[in-house]
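Hydrogens, waters and symmetry mates play no part in the numbers below; they use all other heavy atoms, side chains included.
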Protein chains: 4
Amino acid sequence: MADPASTILRKGAVTRQKIVQQALLQFAARGVEAATLKDIANGVGISEPAVYRHFSSKAELIWQIFIDGYCGLAEEIERAAAAQSSLRGKIDSIIAAYCHLHDTNLPLFRFLFLTQHGQLSRMTEDMPSPVDVVLRVIEAGMATGEIPRGNATLVTALLFGLVTQPAVFHIYGRLPLGMNAYMATLSQAAWAVVTG
Amino acid sequence: MADPASTILRKGAVTRQKIVQQALLQFAARGVEAATLKDIANGVGISEPAVYRHFSSKAELIWQIFIDGYCGLAEEIERAAAAQSSLRGKIDSIIAAYCHLHDTNLPLFRFLFLTQHGQLSRMTEDMPSPVDVVLRVIEAGMATGEIPRGNATLVTALLFGLVTQPAVFHIYGRLPLGMNAYMATLSQAAWAVVTG
Amino acid sequence: MADPASTILRKGAVTRQKIVQQALLQFAARGVEAATLKDIANGVGISEPAVYRHFSSKAELIWQIFIDGYCGLAEEIERAAAAQSSLRGKIDSIIAAYCHLHDTNLPLFRFLFLTQHGQLSRMTEDMPSPVDVVLRVIEAGMATGEIPRGNATLVTALLFGLVTQPAVFHIYGRLPLGMNAYMATLSQAAWAVVTG
Amino acid sequence: MADPASTILRKGAVTRQKIVQQALLQFAARGVEAATLKDIANGVGISEPAVYRHFSSKAELIWQIFIDGYCGLAEEIERAAAAQSSLRGKIDSIIAAYCHLHDTNLPLFRFLFLTQHGQLSRMTEDMPSPVDVVLRVIEAGMATGEIPRGNATLVTALLFGLVTQPAVFHIYGRLPLGMNAYMATLSQAAWAVVTG
DNA sequence: CATGAATGAGGTTTCATTCAT
DNA sequence: CATGAATGAAACCTCATTCAT
């Protein structure tokens with residue numbers, strides 16, 4: 001017999017998920033500080049105190065959304081990179097994962113990379129981070145000689161810049177298409193950067 | 001003998017400048033929303049309402065700082081680019097200008113590119129923008145054949161990513177040095193990106 | 001047995017009513033602008049923000065009190081007039097209603113007719129107004145020939161003057177008694193005015 | 001040689017007069033509390049502190065305007081009444097003076113009778129008041145038997161009501177013409193009221 | 001348990017008034 | 001002397017959070 005808990009979400013978990021989604025929408029639309037718990041609760045269709053059944057405070061809500069998304073993405077690109085043997089294959093897979101996240105969950109992408117990197121200071125060493133995943137990939141490439149040696153952290157920063165800045169241009173309408181449309185260019189640029 | 005009025009600022013202008021500097025510090029330290037006019041005023045050594053003698057609202061203060069810094073930088077890199085004849089020279093000069101701004105006025109750099117690009121939506125066509133300056137440089141390079149044709153806006157976004165993301169890494173201590181230290185790498189990466 | 005819900009007010013409704021009463025007291029004592037939400041809240045025994053649970057702003061509080069009182073009085077004198085067949089009977093009933101309101105709810109009377117007729121400009125056609133009730137009574141009297149034809153609106157204004165100005169004299173101690181004491185004179189004067 | 005001071009106003013007196021007129025405009029437009037010294041000063045074309053050269057405070061400005069207008073009107077209707085021998089003539093002259101003030105200086109009329117009767121409580125016995133002028137006229141009429149005996153103060157209140165309420169109706173557009181247009185009706189109504 | 005009601009802290013802003021040039 | 005600059009007090013209002021039903 002299938003365990004009901006494994007197939008259907010309990011009511012509480014559904015509400016929690018709705019809160020997260022609504023919060024991301026509000027955060028993207030008005031900024032994290034300007035978004036109020038009242039608006040989030042109203043958007044979900046519940047009362048304000050009901051939010052506290054799922055998150056002990058607004059800060060906790062922000063932190064949970066951040067850490068879930070950030071670590072989730074870290075694990076995802078970890079898998080994506082591991083599935084490729086060549087360095088270029090790994091980089092392309094990672095870029096693809098970023099573009100996919102942007103195009104399928106825009107509020108989360110913006111929250112993670114454009115508005116809430118402030119949460120980064122709360123992260124500890126043991127939490128998986130997309131930055132560390134990419135950093136290790138670059139370091140490995142330098143170790144094997146696939147790419148020239150250099151400041152691996154700086155190269156990692158440059159790669160993140162290639163992915164995040166088009167998203168900023170997207171916000172202000174300068175790049176109207178989804179990130180997926182620019183993937184080939186991103187891939188080429190990334191390879192040009194890492195190979196010097 | 002120089003007229004004193006042309007060399008010394010009026011008292012009001014001095015206070016205004018102090019408010020701008022203090023506001024940038026607070027904005028960088030705690031975020032634009034969390035920074036209060038009270039703290040800014042206290043930091044300057046004036047009362048809260050005194051700020052309103054110089055800016056009609058907090059939003060106006062934010063906007064003025066943004067537009068002054070953003071347009072000022074636009075004009076600066078315009079000059080920097082015009083002083084160079086080759087495309088690579090232009091790009092290097094622009095990157096140098098960005099790095100210089102970062103290292104000499106860190107709060108302003110962060111305010112302009114990391115925390116307050118939200119103000120971009122209030123900009124109008126006639127305001128000079130660093131993005132447009134770079135975009136025209138890239139378009140010119142494509143027109144002369146110095147670099148391969150492509151989506152100039154996308155390339156511009158990539159270049160901005162190369163410059164802004166190291167600054168983000170700097171905030172979280174992953175890149176401890178000033179941007180100036182990374183300029184050679186940035187220049188090389190930028191050229192690699194534009195030449196494909 | 002009566003349903004308790006139909007006889008006792010919910011806690012929220014009680015607080016709302018207390019706010020209205022306290023606001024009227026403060027408005028009458030110090031003027032609408034000078035009366036602060038803080039004083040009103042303190043008078044009720046609640047905190048300042050609690051007022052906003054019941055009224056979305058001070059202006060809304062003022063407007064609600066005005067419109068409730070003004071339309072309520074309109075309906076009351078409508079009934080009072082309808083219960084009388086003769087024109088003089090109608091006028092007397094209306095005057096009696098005004099005097100009764102003055103003597104039983106002095107703050108409301110003053111608020112409606114002496115300090116806040118400014119709210120009149122927000123009224124729309126579909127809201128019942130005491131002025132319109134009286135105006136229709138006068139027009140009917142002119143139509144039936146009970147009183148001579150003339151500018152019905154002007155006559156209505158005169159009647160309102162007969163009722164409101166003694167209330168002003170009352171404020172400054174020139175007419176110490178309640179309006180009820182002057183009702184006979186008011187009735188006689190009103191009839192003299194309408195009959196020319 | 002004519003003394004200049006007797007023919008032309010000194011600059012200070014001109015400014016003072018401008019302040020008074022501008023204040024009346026602002027008071028009429030937005031209410032006494034909502035009108036700010038800043039707006040008044042700007043309207044006159046002077047700085048805020050300059051107002052304090054002429055009036056020691058806002059309250060003093062309000063009081064001066066009130067007392068000048070109120071006592072001035074008292075003296076005017078005193079003369080108007082004295083010039084007539086019959087009671088009806090006196091009443092008509094007084095009404096004419098009110099209507100004239102309304103039509104020629106609407107802001108002052110509204111300030112004196114509709115918005116600032118709050119100042120009345122600061123008046124002392126020795127200041128001439130329009131109310132007292134009318135009251136004495138009525139008392140004299142009762143003494144000579146021209147009109148029936150009764151509560152003279154109440155009758156005075158009724159007469160004031162006849163004059164002030166049409167002005168209220170005028171504000172809200174119910175009586176579009178100037179008060180002068182309604183003078184005949186006012187006179188007739190006043191006489192009807194005083195004669196019972 | 002979910003919610004209407006309430007709160008304490010604090011924010012931006014306005015205003016009458018004074019200071020200092 | 002007229003004014004730009006500054007201020008203290010206080011107003012309205014918002015928000016995250018808790019209480020009590």
Side-chain angles (χ1 to χ4, degrees), chain A residues 11-12 15 33-42 44-62, chain B residues 10-16 18-19 33-42 44-62, chain C residues 10-16 18-19 33-42 44-62, chain D residues 11-12 15 33-42 44-62:
Chain A
K11 186 158 165 251
T15 301
E33 302 245 13
T36 70
L37 284 189
K38 181 180 181 179
D39 290 334
I40 293 170
N42 286 356
V44 175
I46 61 177
S47 69
E48 261 176 286
V51 176
Y52 287 84
R53 298 253 144 223
H54 302 275
F55 301 93
S56 63
S57 70
K58 187 185 181 185
E60 182 67 13
L61 169 61
I62 295 168
Chain B
R10 290 192 324 272
K11 185 148 170 260
V14 169
T15 301
R16 191 195 141 105
K18 281 187 193 168
I19 293 171
E33 303 243 15
T36 71
L37 286 186
K38 182 178 182 176
D39 292 334
I40 294 171
N42 286 355
V44 175
I46 60 177
S47 73
E48 232 175 314
V51 176
Y52 286 83
R53 181 73 38 187
H54 304 277
F55 302 93
S56 62
S57 69
K58 186 184 180 185
E60 181 67 13
L61 169 60
I62 294 168
Chain C
R10 289 192 323 273
K11 185 149 170 260
V14 169
T15 301
R16 192 196 139 105
K18 281 187 193 168
I19 294 171
E33 303 242 15
T36 71
L37 285 187
K38 182 178 183 176
D39 291 334
I40 294 171
N42 285 355
V44 175
I46 60 177
S47 71
E48 222 177 320
V51 176
Y52 287 84
R53 184 71 39 187
H54 304 277
F55 302 93
S56 62
S57 69
K58 187 186 179 183
E60 181 68 12
L61 169 61
I62 294 168
Chain D
K11 189 158 163 252
T15 301
E33 302 246 11
T36 71
L37 283 189
K38 181 180 180 177
D39 291 335
I40 294 170
N42 286 356
V44 175
I46 60 176
S47 69
E48 260 176 288
V51 176
Y52 287 83
R53 297 251 146 225
H54 302 276
F55 301 94
S56 63
S57 70
K58 187 184 180 185
E60 182 67 13
L61 168 62
I62 294 168

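To the nearest angstrom, C1' of dT7(F) lies 15 Å from NZ of Lys38(B). A straight line from CD1 of Ile46(B) to C1' of dG8(F) spans 14 Å, rounded to a whole angstrom. Here the P atom of nucleotide dC15(F) and the CD atom of Glu48(C) are 16 Å apart, to the nearest Å.
Partners of Thr36(A) by side-chain hydrogen bond (donor to acceptor under 3.5 Å, both in side chains), not counting sequence neighbours, listed by chain and number: Asp39(A). With sequence neighbours excluded, the residues forming a side chain to side chain contact (heavy atoms under 4.5 Å, CB included) with Glu60(C) are Ser56(C), Ser57(C), Trp63(C), Gln64(C), listed by chain and number.
Using a 4.0 Å heavy-atom cutoff across all strands shown, Ala41(A) reaches no nucleic acid atom at all. The residue Ala35(C) sits close only to the backbone: its heavy atoms come under 4.0 Å of sugar-phosphate atoms, none of a base.
Ranked by how close their nearest DNA chain E nucleotide is to the 5' end, Pro49(C) and Ala34(B) are led by Pro49(C). Heavy-atom nearest nucleotides on DNA chain E were determined for Ala50(C) and for Leu37(B), and the one closer to the 5' end corresponds to Ala50(C). Toward the 5' end of DNA chain F, the nearer of the two residues Glu33(A) and Ser47(D), judged by each one's closest nucleotide, is Ser47(D).
Close approach of DNA chain E to chain D, defined as any atom under 4.0 Å from a non-hydrogen atom of the protein, starts and stops at dC15(E) to dT18(E).
Taking the side chain as every heavy atom from C-beta outward, Ile19(C) and Ile46(C) approach each other to under 4.5 Å. For the pair Leu61(B) and Leu37(B), the minimum side-chain heavy-atom distance is below 4.5 Å.
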Under the rule of Watson-Crick or G-U wobble with both distances under 3.5 Å, where | means paired to another strand and [ ] a crossing pair, DNA chain E maps to .||||||||||||||||||||
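Taking every heavy atom of residues 52-62 of chain B and every atom of DNA chain F, pairs under 4.0 Å involve Arg53(B), His54(B), by number.
In plain terms, the two heavy atoms of Lys58(C) and Glu33(C) that are nearest each other are NZ-O, 3.4 Å.
Separating the NE2 atom in His54(B) from the CZ atom in Arg16(B) is a distance of 9.0 Å, to the nearest 0.5 Å. A distance of 11.5 Å separates CZ of Arg53(C) from OG1 of Thr15(C), quoted to the nearest 0.5 Å.
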